[in-house]
Amino acid sequence: MDDRIKNKAKISPKSLLYFITYQTLCCACLYLWVLSPIVDKIRMSTWFPMDAQILDIDLEVYQDGHSTYRQVVASYEYYINGKTYWGNRVDIHSESDDSAGGYYHEIMYDKLQKYKKQKRTFSGWYNPNDPYDSVLDRGLRWSEVIVPGSVCFIFILIGVVVLRIYTLQEQEQNPKLIERKPWLAKNKWSSEGIISETRVILKKQLWGGVLVFLLGLIFIFIGLTFLSNWNSDGLIALILGVVSCLFIIVPIINWSRYKAIGRVPIVMRPFPGRIGGKVSGYIQFPPLLELTDKSIRIKLKQFACVTEGRGKDARKREYVSWEKMIQGNLKASAVGNRIYFSFDIPEGLPESSTSVYCGDGEYWYLNISGEIRGDYFEREYELPVFKFASSEHGATI
């Protein structure tokens with residue numbers, strides 16, 4: 001009987017505080033850069049038109065590193081019901097234009113300067129509930145909304161994904177239980193079936209591809225914006241964006257191939273595998289999937305994962321102690337085809353690592369590969385293999 005507690009890792013108060021702080025900062029940036037101007041746009045949709053007389057106009061220019069920023073500032077007056085009011089808000093957004101692209105403030109400065117010289121009034125908008133609240137241009141600049149909004153959304157999504165991965169990690173079991181039954185250390189080790197590690201890897205690759213794809217869309221938008229302003233740097237951003245979007249193709253294809261075949265669990269008989277005995281069982285394929293004995297290759301490998309060096313020089317290395325490849329034995333069953341395998345394991349080899357974290361340690365991995373439906377098929381499984389008497393873990397196949 002499996003007497004472990006199948007629960008997930010609980011996030012610590014300190015980690016939860018970090019997550020809340022991180023998401024709060026991201027949401028604050030999202031509000032300041034994106035939601036605030038959109039809220040102002042909605043609020044200003046009920047404002048009344050007015051004619052503003054330009055009193056003073058200037059184009060502020062300042063540098064920050066290699067970029068030059070420009071922002072138009074102006075003061076104006078207007079008359080409502082015979083009373084004079086003053087304002088200084090030019091547009092909804094507070095962001096300035098940098099030298100990389102976008103010339104809104106230069107264009108607006110030239111336009112307002114022209115109206116001032118000709119002593120013409122400029123059509124603006126005022127709040128009927130508070131006439132001192134006014135703006136000359138209430139239009140949204142989508143380049144100031146889409147780009148920062150996408151960046152904020154990606155960082156918020158990254159925070160959610162990291163939290164999701166953290167909370168789905170297996171929680172370390174009771175040390176006394178692990179000492180007595182080490183094959184219960186990991187929830188993925190089950191006598192009912194072990195699911196492939198490939199699923200987790202492909203899912204991470206898919207999420208990574210989605211994030212790179214979203215960043216690519218941002219670069220494409222920036223590139224098109226620059227090119228529309230006759231800035232040649234936009235071509236570089238556009239190419240970078242297109243290339244980034246292409247990175248999602250391979251993860252989608254690999255995930256689609258995985259889903260087309262579905263889960264292919266391994267059932268170990270006996271469970272777990274025994275050093276000095278056998279690692280055996282069967283691979284359960286879904287119904288209606290045509291297989292042959294020679295279409296699938298099965299390899300069992302024992303290796304040690306070791307971190308060598310420290311700091312920047314640190315790197316992971318794998319040292320293989322034992323490996324063997326065989327052809328499986330195909331048998332049909334009521335629930336689909338099964339390929340049976342059996343390995344004789346020599347004495348003296350290391351046991352499986354019981355740590356739930358994928359760090360340094362000893363590991364036993366089963367790799368199955370071949371060709372199914374004309375496509376290359378491969379799955380990997382981490383198996384529990386330990387030293388103890390055969391009578392302690394059930395009968396062999």
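- Taking hydrophobic clusters as Ile, Leu, Val, Met, Phe, Trp and Tyr residues chained together by side-chain heavy-atom distances below 4.5 Å, Met325 does not share a cluster with Ile298.
- Side-chain N or O atoms of Glu351 include one that pairs as donor or acceptor with a backbone N or O of Lys387 at under 3.5 Å.
- Using modelled atom types, no side-chain atom of Trp207 and backbone atom of Ile158 make a donor-acceptor pair closer than 3.5 Å.
- Both the sub-6.0 Å distance and the 45° axial angle are satisfied by Arg141 relative to the ring of Tyr104.
- The closest side-chain heavy-atom distance from Met268 to Pro384 is below 4.5 Å.
- Around atom CZ of Phe153, no more than 12 heavy atoms belonging to other residues, nucleotides or ligands sit under 6.0 Å away.
- Looking only at side-chain heavy atoms (C-beta outward), Pro272 and Leu383 stay at 4.5 Å or farther from each other.
- Using a 30° and 60° split on the angle between ring planes, Phe48 and Tyr126 fall in the perpendicular class, above 60°.
- Judged by distance alone, with hydrogens and angles left aside, the side-chain atoms of Tyr282 form no donor-acceptor pair with the main-chain N or O of Asn329 at under 3.5 Å.
- Counting heavy atoms from C-beta outward, Leu112 and Leu136 have side chains that approach closer than 4.5 Å.
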Let's go through Ser352 and Trp189 carefully: what are the C-alpha distance in whole Å and the side-chain angles of both, what is the deciding distance for side chain to side chain contact (heavy atoms under 4.5 Å, CB included) to 0.1 Å, and is it a yes or a no?
CA-CA 11 Å; Ser352 297; Trp189 289 343; 3.8 Å; yes
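- Considering CE of Met44 and CZ of Arg89, their distance stands at 3.5 Å, rounded to 0.5 Å.
- In the hydrophobic clustering of this structure, Ile220 does not group with Leu246; members are Ile, Leu, Val, Met, Phe, Trp, Tyr whose side-chain heavy atoms approach within less than 4.5 Å, directly or through other members.
- Placement of Phe219 and Val210 in two distinct hydrophobic clusters is found when ILVMFWY residues are connected by side-chain heavy-atom separations under 4.5 Å, directly or transitively.
- Following chains of ILVMFWY side-chain contacts shorter than 4.5 Å, one cannot reach Val250 starting from Leu202, and the two form parts of different hydrophobic clusters.
- A donor-acceptor pair is defined here as one N or O able to donate and one able to accept, closer than 3.5 Å; no such pair exists between the side chain of Lys331 and the backbone of Ile339.
- Note: Gln71 CD to Asp91 CG = 7.5 Å, rounded to the nearest 0.5 Å.
- Between the NE2 atom of His93 and the CG atom of Asp137 there is a distance of 8.5 Å, given to the nearest 0.5 Å.
- For the residue pair Ile345 and Arg274, the shortest heavy atom distance occurs at CB-O, 3.7 Å.
- A distance of 15.5 Å separates CD of Gln302 from NZ of Lys324, quoted to the nearest 0.5 Å.
- Judged purely by distance below 3.5 Å, without hydrogens or angles, the side chains of Glu77 and Thr84 never pair a donor atom with an acceptor atom.
- At distances below 3.5 Å, not a single donor-acceptor pair connects side-chain atoms of Asp40 with backbone N or O atoms of Ile92.
- Minimum heavy-atom separation, Arg269 to Ser280: O-OG, 2.5 Å.
- Between the Asp58 side chain and the Glu60 main chain, no donor and acceptor come within less than 3.5 Å of each other.
- Residues Val73 and Asn88 form no side-chain contact, since every pair of their non-hydrogen atoms from C-beta on lies 4.5 Å or further apart.
- Under a cut-off of 6.0 angstrom, the local environment of CZ in Phe247 is sparse, with at most 12 non-hydrogen atoms contributed by other residues, nucleotides or ligands.
- Side-chain heavy atoms closer than 4.5 Å link hydrophobic residues (I, L, V, M, F, W, Y) into clusters, and following such links, even through other members, never connects Met50 to Tyr79.
- Under a 3.5 Å cut-off, the side chain of Tyr381 and the backbone N or O of Thr198 do not form any donor-acceptor pair.
- A cation-pi arrangement is absent between Lys111 and Phe122 under the rule of less than 6.0 angstrom and at most 45 degrees off the ring axis.
- A side-chain donor-acceptor contact under 3.5 Å links Tyr78 and Ser134.
- One finds the CG atom of Leu330 at 10.5 Å from the CD1 atom of Ile283 (value rounded to the nearest 0.5 Å).
- Around atom CH2 of Trp125, more than 12 heavy atoms belonging to other residues, nucleotides or ligands sit under 6.0 Å away.
- Note that CD1 of Ile154 and CG of Leu211 are 6.5 Å apart. Values are rounded to the nearest 0.5 Å.
- With contacts defined as side-chain heavy-atom distances shorter than 4.5 Å, the pair Asp360/Lys316 qualifies.
- The two residues Thr354 and Ala185 make their nearest non-hydrogen contact at O-CB, 3.4 Å.
- With contacts defined as side-chain heavy-atom distances shorter than 4.5 Å, the pair Phe377/Ile368 qualifies.
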Step by step, work out the side chain to side chain contact (heavy atoms under 4.5 Å, CB included) result for Phe341 and Leu300.
CA-CA 10 Å; Phe341 61 90; Leu300 181 64; over 6 Å; no
With side chain to side chain contact (heavy atoms under 4.5 Å, CB included) as the test, would you mind laying out the steps for Leu214 and Ser150 before giving the verdict?
CA-CA 8 Å; Leu214 294 175; Ser150 300; over 6 Å; no
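- Not a single donor-acceptor pair under 3.5 Å links the side chain of Ser244 to the backbone N or O of Phe213.
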Show your reasoning for whether side chain to side chain contact (heavy atoms under 4.5 Å, CB included) applies to Phe343 and Trp322.
CA-CA 12 Å; Phe343 294 89; Trp322 182 90; 4.2 Å; yes
Scan the side chains in residues 256-264 for donor-acceptor partners under 3.5 Å anywhere in the protein, sequence neighbours excluded, and list what turns up.
residue	atom	partner	partner atom	Å
Ser256	OG	Ile252	O	2.7

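- Side chains of Asp344 and Lys278 form a contact here, defined as non-hydrogen atoms less than 4.5 Å apart.
- In this pair, Tyr132 and Tyr85 present their aromatic rings perpendicular. The plane angle is above 60°, beyond the 30 to 60° band.
- The heavy-atom pair separating Pro265 from Ile195 by the smallest distance is CB-CD1, 3.9 Å.
- Side-chain atoms of Asp56 and Lys116, non-hydrogen and from C-beta on, do get closer than 4.5 Å to each other.
- In the displayed structure, Lys114 atom NZ is contacted under 6.0 Å by at most 12 heavy atoms of other residues, nucleotides or ligands.
- When all heavy atoms of Pro350 and Trp364 are compared, the pair lying nearest together is O-NE1, 2.9 Å.
- Contact record, Thr46 with Arg43: OG1-O, 3.3 Å, taken as the closest heavy-atom pair.
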